[in-house]
There are 2 protein chains.
Amino acid sequence: MSRKKAPKSVVKRLPVYLRILDNLIRRDVEIISSRVLSDETGFTAEQIRKDLAYFGAFGTRGTGYNTSYLREKLLRIIGLDKQTKIIVIGFGHLGKALTRYNMNKNPYVKIVGAFDNDPNELHTDIEGLQVYSMDKLSEVIQKEDVKVAILTVPAEVAQQVVDILVENGITAILNFAPTKLHTPEGVYVHNADLTIELQSLIYYSQEDEGRALKE
Amino acid sequence: MSRKKAPKSVVKRLPVYLRILDNLIRRDVEIISSRVLSDETGFTAEQIRKDLAYFGAFGTRGTGYNTSYLREKLLRIIGLDKQTKIIVIGFGHLGKALTRYNMNKNPYVKIVGAFDNDPNELHTDIEGLQVYSMDKLSEVIQKEDVKVAILTVPAEVAQQVVDILVENGITAILNFAPTKLHTPEGVYVHNADLTIELQSLIYYSQEDEGRALKE
DNA sequence: CTGATTTTGTGAAATGTAAAACTATATTCA
DNA sequence: TGAATATAGTTTTACATTTCACAAAATCAG
């Protein structure tokens with residue numbers, strides 16, 4: 001039976017389920033119900049079951065889900081069953097912090113290179129990390145067959161860098177540059193614009209949301 | 001005439017409009033149509049008009065929007081007409097990078113303090129920034145009357161820190177800790193979980209999204 | 001000044017997403 | 001063994017958001 005394409009909102013929840021499963025397995029929990037997953041994640045049990053149903057039937061009625069089995073399935077669905085190669089472009093403070101973060105906390109990905117224009121940034125104290133000058137970008141992407149890039153360059157040069165990325169086969173970009181990127185069909189961009197996150201947060205920080213009303 | 005509460009999706013777009021307006025004003029553009037705003041933002045013109053309609057009628061039919069006027073209105077709606085005080089909790093690499101980023105790029109906010117447990121992190125080369133030990137948290141929040149916090153502490157201590165934040169009147173949290181936070185009604189949490197962003201990106205990086213289908 | 005044009009603002013329709021209700025299947029225990 | 005219980009999977013309903021279509025208002029051309 002054929003299923004519909006999973007909406008973005010569903011895909012965003014899969015890594016949350018995965019993380020919870022990792023925690024449960026570490027605590028030797030073998031079976032978990034959608035009800036308990038609901039408590040752990042904050043999503044409703046119905047939603048969790050529905051989300052998983054986009055990809056198959058992984059549970060046992062009357063019992064629940066086997067944590068290890070469901071984890072394996074999720075890894076495969078998300079695409080983490082094989083290690084994903086990633087590059088970081090823009091190696092300022094943010095780029096460095098993100099690189100460190102992922103190398104320490106994210107076993108499913110491997111950062112195969114960082115890139116910066118500024119020669120001062122071309123050496124690093126991060127162990128096992130190759131830092132290249134920007135003109136090595138095409139070469140490394142092709143040689144390592146990289147599909148995913150994290151972008152932390154200044155807004156002014158972001159589009160120009162993205163054009164190179166796309167040209168060399170990058171298909172997904174996590175964009176921290178505060179600008180809209182233009183990409184062809186088939187290249188997925190997720191904007192992680194910290195200024196926008198913060199500003200929308202400030203909206204909600206004000207008790208007087210009544211300013212949104214007029215009479 | 002009374003308007004409905006603006007949905008989250010609308011609030012998330014307001015800062016995008018604001019950024020475009022800032023750029024236009026810098027280029028001395030005085031009038032802008034929803035059509036051109038659409039080109040700049042990637043959102044449809046209808047959506048932009050509808051978004052703005054949640055808060056009032058700011059344009060002139062037949063002409064468009066006055067950039068300076070709309071900017072003033074948006075600043076007021078978002079809550080950026082007065083400078084917002086912010087604290088950063090967790091002053092590791094990510095906390096430092098975010099602090100620097102906001103101090104350099106975000107004129108609408110002021111970071112009034114950073115906090116960390118580790119004494120090594122309590123001095124900084126960031127000019128004009130106060131770094132405190134964690135036990136000063138309550139005191140500073142109350143003295144400065146802070147409402148917004150950026151959280152970059154380890155997952156294990158995140159909830160415990162959040163409890164202190166809430167207790168002292170913080171109403172909005174930008175959470176980078178990879179864990180679900182429990183907060184009372186009225187406290188807004190935005191999760192900026194970089195691992196989850198990256199993993200959902202990897203899902204889309206795979207040409208074969210057909211794995212989402214079964215036959 | 002009048003008709004054509006532009007562009008906003010808004011009610012209605014369509015779409016997408018989440019929640020609820022229901023059905024099917026497995027387990028447990030008397 | 002079989003009734004009661006638990007829980008996944010599916011269908012239906014409700015809700016939220018976006019898109020569409022058009023009326024209202026301003027501008028412009030002659």
Side-chain angles (χ1 to χ4, degrees), chain A residues 1-14 16-17 20-21 24 29-71 73-74 77 200 209 212-215, chain B residues 1-14 16-17 20-21 24 29-67 69-71 73-74 77 200 212-215:
Chain A
M1 170 247 297
S2 178
R3 286 158 202 282
K4 281 200 323 204
K5 186 162 166 290
K8 283 202 190 89
S9 50
V10 172
V11 174
K12 281 287 280 289
R13 286 191 290 268
L14 300 179
V16 179
Y17 304 148
I20 301 293
L21 289 170
L24 290 168
V29 178
E30 292 183 1
I31 300 290
I32 188 86
S33 69
S34 60
R35 176 64 48 196
V36 178
L37 269 176
S38 168
D39 296 340
E40 299 274 346
T41 59
F43 307 125
T44 68
E46 297 85 343
Q47 187 167 56
I48 293 169
R49 295 202 299 274
K50 190 115 205 272
D51 285 355
L52 297 176
Y54 277 101
F55 306 99
F58 307 125
T60 310
R61 297 177 192 214
T63 308
Y65 300 91
N66 177 292
T67 51
S68 299
Y69 179 74
L70 183 56
R71 173 174 174 276
K73 289 297 182 185
L74 280 174
I77 292 164
S200 55
E209 269 173 52
L213 298 166
K214 277 178 47 172
E215 57 272 280
Chain B
M1 171 245 299
S2 177
R3 286 159 203 279
K4 281 199 324 204
K5 186 163 166 289
K8 283 202 188 87
S9 50
V10 171
V11 173
K12 280 287 280 289
R13 286 191 290 267
L14 300 179
V16 179
Y17 303 148
I20 301 294
L21 289 170
L24 290 168
V29 178
E30 290 182 2
I31 299 290
I32 188 86
S33 70
S34 59
R35 176 63 47 197
V36 178
L37 269 176
S38 168
D39 296 340
E40 299 274 344
T41 59
F43 308 123
T44 68
E46 299 86 337
Q47 187 168 54
I48 293 169
R49 294 202 300 274
K50 201 119 221 244
D51 284 355
L52 297 175
Y54 277 100
F55 306 99
F58 307 125
T60 310
R61 297 179 190 213
T63 308
Y65 300 91
N66 178 294
T67 51
Y69 179 74
L70 184 55
R71 174 174 173 275
K73 288 297 182 184
L74 280 175
I77 291 163
S200 56
L213 297 167
K214 277 178 46 171
E215 56 274 277

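Order of the sequence lines sets the chain letters (A, B, ...), proteins ahead of strands, with each chain counted from 1. Hydrogens, waters and symmetry mates play no part in the numbers below; they use all other heavy atoms, side chains included.
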Between [atom2] on [N] and [atom1] on [X], what's the gap in Å once rounded to a whole number?
X: B:Phe58; N: C:dT10; atom1: CZ; atom2: P; result: 11 Å
X: B:Leu52; N: D:dT18; atom1: CG; atom2: P; result: 13 Å
X: A:Asp51; N: D:dG9; atom1: CG; atom2: P; result: 12 Å
X: A:Ile48; N: C:dA18; atom1: CD1; atom2: C1'; result: 13 Å
X: B:Leu37; N: C:dT6; atom1: CG; atom2: P; result: 19 Å
X: A:Lys73; N: D:dG9; atom1: NZ; atom2: C1'; result: 16 Å
X: A:Leu70; N: D:dA8; atom1: CG; atom2: P; result: 10 Å
X: B:Asn66; N: C:dT8; atom1: CG; atom2: P; result: 13 Å

* Per-nucleotide protein contact string for nucleotides 20-30 of chain C, where B marks a base within reach and S marks sugar-phosphate only (heavy atoms under 4.0 Å, - for neither) -> B---BBSS---
* Working to the nearest 0.5 Å, report the span between OG of B:Ser33 and CD1 of B:Ile48. => 9.0 Å
* Rounded to the nearest 0.5 Å, what's the gap from NZ on B:Lys12 to CG on B:Leu14? Could you check? => 11.5 Å
* **side-chain N/O A:Tyr54 vs C:dT17 OP1/OP2, d < 4.0 Å** => no
* Asked: Do any side-chain nitrogens or oxygens of B:Ser9 fall under 4.0 Å of OP1 or OP2 in D:dA16?
  -> no
Which heavy-atom pair separates [X] from [Y] by the least distance, and what is that distance?
X: A:Arg49; Y: A:Ser34; answer: NH1-OG, 3.0 Å
X: A:Phe58; Y: A:Leu52; answer: CE1-O, 3.8 Å
X: A:Tyr54; Y: A:Ala6; answer: CD2-CA, 3.9 Å

* Would you call A:Tyr65 and A:Leu21 a side-chain contact if the rule is heavy atoms closer than 4.5 Å? -> no
* **A:Thr67 side chain to A:Ile31 backbone, donor-acceptor under 3.5 Å** => no
* Structure fact -> Contacts of A:Arg13 and B:Gly64 projected onto DNA chain C by closest heavy atom; the upstream (5') one is B:Gly64
* Nearest to the side chain of A:Tyr65 - C:dT8, D:dA8, C:dA18? -> D:dA8
* To do: Please determine, for the side chain of A:Pro7, which listed nucleotide (C:dT17, C:dT8, D:dT17) has the closest atom?
  => C:dT17
